[in-house]
Structure formats: structure tokens, C-alpha cells
There are 2 protein chains.
Amino acid sequence: MASPLSPDASRLLRDLTHSLPMALLRTREAVVQRFRRVLSRYDLTEQQWRVLRALDGKGGLEISALAEQCRILLPSMTGILRRMEGRGLVWREANRADGRSMRVALTERAQALVEQIKPEVVAVYAEIERILGQEKLELLYTLLEELERGLAQGEASNP
Amino acid sequence: MASPLSPDASRLLRDLTHSLPMALLRTREAVVQRFRRVLSRYDLTEQQWRVLRALDGKGGLEISALAEQCRILLPSMTGILRRMEGRGLVWREANRADGRSMRVALTERAQALVEQIKPEVVAVYAEIERILGQEKLELLYTLLEELERGLAQGEASNP
DNA sequence: CGTGGATACTTAACATGTTAACCATCTAAG
DNA sequence: CTTAGATGGTTAACATGTTAAGTATCCACG
């Protein structure tokens, strides 16, 4: 029945616990949990913080651009912005030049909130750097981005 | 108003696009998308595939153990197993020794399905290894696991 | 000027993530 | 024995992820 995989295939198909998607998930989970500890005290989700960070310092962004930077799909972004607007964290205005698009920007209250939270987030980053060391951390960033670019590359050929 | 961050803090607080959670998310997104292409043809989500992989080759697992290995929280696992049971992929039996716990196992149909899908998944892993190279890939695994362990470590002190 | 195809969202429907509360055991301590 | 707390799962409520469909513009071309 189950024809066994070749030795090479067995090597590639790691134990679930050590598969690449799982490794990325587990590490991200561990990292994000540290940030969540901070953000939950401000009733913010990780995604809402991404939106705050992306808009911080900018006059405003089109929703598509914001969604792309935050890596949040547009349908999710619709709900996130609706809730954040309800809390007075963002506001939007129609783009006069293009009736389809919207610009979103932080309210003053949100800007103040970002400034308040930033130092706590920085502290988390400092802890992470302390754990892994600056050099290894940079290496990790490099590998992650190289793999991401490589995968995006082969994207065009297998649509 | 916004007191500027120290130079060190500015270094730690990277541009959102290059922050660690984002880098992990983006890379994982790119990786998982490749697997999803395969799995969607079998009407499987990434999480359902994790359950299949975790149960594959084992006689059965308690739901808690399964959830931990898959890194899926118990409330999510409840729904996932309900749907998979409805499709005849898993079955469960009460644990005679402990009336609280349940054991889940793959049906024969699910085992056959796993064997059918494995080669396609292996092909994705091969592509990933081709992109990054075996050496860098191993290095990436090492760094991810080291960071995860380091973060789990400091967990006990900051509960 | 009109029309077909792109573009920027939004809605809808379903699956999962996240937290808190709940329920039925089980376990240990009195 | 029994009762308080721990454990294994589920339910509930809400936020987000994922895919497909819908809506209102915009744009290029005839």
C-alpha cells in the first residue's frame, strides 16, 4: 500500500515538529507573545499595532498600500479599520482624485498612544537581541529575507 | 510632545517592514503559500495537514498532545477535529483509563491520503532547499530554534 | 461618447486564532 | 468519604485569515 519514500525524500520531509512552516510558526509565536503582553494592556491586537506602526509618521496611506505593508489582506483590513475608527484611532477621507480609493491616517490620540507604547516595544526588541545576540539576529533577518525573495521569485513561473 | 527615542532605541525599533515579527510572518507566508497550492487541491487547510502529519504513523494521540504538537490551541482543535471527523479523516474514542481525555487517530482513508500527498509536499521542500541551499537552510533552522528556546526560557521569570 | 476590462474596496461565508468561562472528571489532602 | 483544586475538553464571543463574489469607479480604446 504505502510505497515508502526515497531516502532523499525522507530527509526532506522532516519530522513535523521540525518542518519549516512549523519552525517559523513556533518562533513567531514565541516572539509575538512578548509583544502581545505589552499590547494587550492597551487593548490592541498585534495587527492593530501593525497598522499604527505603518501609519506612524506618515500623513496617510491608501488602504491598499497600508494592507500590503502590514501584510494584512484587504477583507481583514476592512474590519480592522472599522473597529479602529470606532475607537477613534484612525480616520479616513475619500481621495478626491480617485473616487475608488480611500486615505487613512492616525488621529492625534493614536499618535500619542504610539509614542507611549514605543518604549515598551523597544524593550522587547532589546530582550530579543540579548537572547540571540546582535550578530545572529542580523543573520536571521538576512536568511529570512533571502528565502522570502527566492520564493517570490519563483512565483512568476508557477502562477 | 513626542519625546524622541534614544539612538539605541531607534536602532532596535526597525522599520515596520523589517521588524522581526513581520520578517517571520512574510517568510512563513511565502513558504506556506507553496504548500497551500498542493493542499487546496485536496480540500485541506494547512492546519488539517498538520493534524494528518502529526497522527501519521502513530496509533493515536490524546487531543492535548496533538494540539501541542501542531501548535494549535484546543478551542481551534475542537472545530478542526469535528470537521475532519465529519469528512471521515479521523475518529476518536474515549480513554477508558481517564474519562476526561480522548484519543484521536487517522482513518484508513486518511492514511492513504497522506501517502498520496507526501510526494508533492516533498517536492515543495526540495524547491525550498534549492532556493536557499542546504547549508543556509540548516542554519536558518538552528537560529529559529535557538531563538524559540531562548524566549521560552525567559518565560518562567516573566509569567 | 460608450463600452469592456482593470482597479480599490467591501461583503459574504467559512476556517482558525485568542481569551475567558464552563463542565466533567480526576487527584490529593484532610 | 469528601471536598478543594488540578486537568482535559468544549462552548462562547470576538478578531482575523482565506477565498470568491459583488460594487463603484477609472481608464483605454474604438
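Reminder, nothing fancy here: chain letters follow the sequence lines and each chain counts from 1. All values derive from a computational prediction rather than experimental measurement.
The CD atom of B:E68 sits 13 Å away from the C1' atom of D:dG8 (whole-angstrom rounding). Remark: P of D:dG8 and CZ of B:R100 are 6 Å apart, rounded to the nearest angstrom. The nearest whole Å value for the distance from the CG atom in A:D98 to the P atom in C:dA6 is 17 Å. In this structure, the CZ atom of A:R41 is 14 Å from the P atom of C:dT19, given to the nearest Å. In this structure, the CG atom of A:D43 is 12 Å from the P atom of C:dT19, given to the nearest Å.
Counting any heavy atom pair closer than 4.0 Å across all strands shown, B:N95 reaches no nucleic acid atom. Base engagement by A:L74 is indicated by at least one non-hydrogen atom pair under 4.0 Å involving a base atom. Here A:R92 lies in heavy-atom contact (under 4.0 Å) with sugar-phosphate atoms only.
B:T107 contributes atom OG1, which lies 10.5 Å from atom CZ of B:R87 (distance to the nearest 0.5 angstrom).
None of A:R103, A:E68, A:M77 except one satisfies the side chain to side chain contact (heavy atoms under 4.5 Å, CB included) rule with A:I63; the exception is A:M77.
Sequence order on DNA chain C of the closest nucleotides to A:S40 and A:L81 puts A:L81 first from the 5' end.
Side-chain contact between B:L24 and A:E29 is absent, with no heavy-atom pair separated by less than 4.5 Å.
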Contacts under 3.5 Å, N or O only, protein and nucleotides 16-18 of chain D:
from   : atom 1 : to    : atom 2 : distance (Å)
D:dT16 : OP1    : A:T45 : OG1    : 2.8
D:dT16 : OP2    : A:R83 : NE     : 2.9
D:dT16 : OP2    : A:R83 : NH2    : 2.4
D:dT16 : O3'    : A:Q47 : NE2    : 2.8
D:dG17 : OP2    : A:S76 : OG     : 3.1
D:dT18 : OP1    : B:R36 : NH1    : 3.2
D:dT18 : OP1    : B:R36 : NH2    : 3.2

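Each salt bridge (charged side-chain N to carboxylate O under 4.0 Å, His left out) pair with one or both residues in residues 141-154 of chain A, not counting sequence neighbours, appears once here: A:R71-A:E148, A:E146-B:K136, A:E148-B:R26.
In this model, the phosphate group of C:dT11 is not approached by any side-chain N or O of A:T78 to a distance below 4.0 Å at OP1 or OP2.
Among residues two or more places apart in sequence or in another chain, the side-chain hydrogen bond (donor to acceptor under 3.5 Å, both in side chains) test is passed with B:R96 by none.
In the displayed structure, A:E93 atom CD is contacted under 6.0 Å by more than 12 heavy atoms of other residues, nucleotides or ligands.
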